[in-house]
Amino acid sequence: MPDTTVKPKPATRTKVKLKPQRPPLYKVILLNDDFTPREFVVIVLKAVFNMGEEIAHRVMLTAHQKGACVIAVYTRDVAETKAKEATEMGKAKGYPLFFTTEKEE
Ligand code: TYC
């Protein structure tokens with residue numbers, strides 16, 4: 001008689017390595033222009049990016065001298081919302097102040 005008993009399979013395990021997934025981060029970049037008053041740039045940096053006076057002033061000067069300055073890093077949604085909000089503050093006053101975002105490598 002053939003052996004028809006069902007034999008249990010030997011236990012096999014597949015190791016699934018779970019890599020913790022971090023969301024990609026986006027830089028918010030402040031661009032220089034020739035028209036927005038320096039003090040107004042400082043006001044926007046303080047209001048939208050929660051900077052203190054000293055840091056905001058230093059960041060504004062860096063953009064003024066170098067043409068642009070990375071000011072913060074956030075998840076995509078937060079970066080885009082803050083860049084838009086800050087750009088809108090300038091627009092409301094008729095200034096060409098501009099904040100953009102860029103994915104971090
Ligand atoms: N360059 C502007 C001026 O001389 C000031 C300024 C600084 C504007 C930084 C934008 O991102 C900026 N009035």
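Position 1 is the first residue of the sequence; numbering continues from there. Just follow the structure's listing: the first ligand is 1, and inside any ligand the first atom is 1. Source: prediction; values computed, not measured.
When atom types are taken as modelled, the side chain of Lys103 and the backbone of Leu25 share no donor-acceptor pair closer than 3.5 angstrom.
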Contact table, ligand 1 N/O with protein N/O, distance under 3.5 Å:
residue	atom	partner	partner atom	Å
ligand 1	1 (N)	Asn32	OD1	2.8
ligand 1	1 (N)	Asp33	O	2.7
ligand 1	1 (N)	His64	ND1	2.9
ligand 1	11 (O)	Leu31	O	2.8
ligand 1	13 (N)	Thr36	O	2.9

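In Gln65, the CD atom is crowded: over 12 heavy atoms of neighbouring residues, nucleotides or ligands sit closer than 6.0 Å.
With respect to Arg58 and Glu54, a salt bridge is recorded, a charged nitrogen being found less than 4.0 Å from a carboxylate O. A salt bridge is defined here as a Lys NZ or Arg NE, NH1 or NH2 lying under 4.0 Å from an Asp or Glu carboxylate O, and Glu80 with Arg76 meets this definition.
In this structure Glu104 satisfies the salt bridge (charged side-chain N to carboxylate O under 4.0 Å, His left out) test with no other residue, sequence neighbours excluded.
Remark: aromatic rings of Phe35 and Phe40 are distant, center separation not under 6.0 Å.
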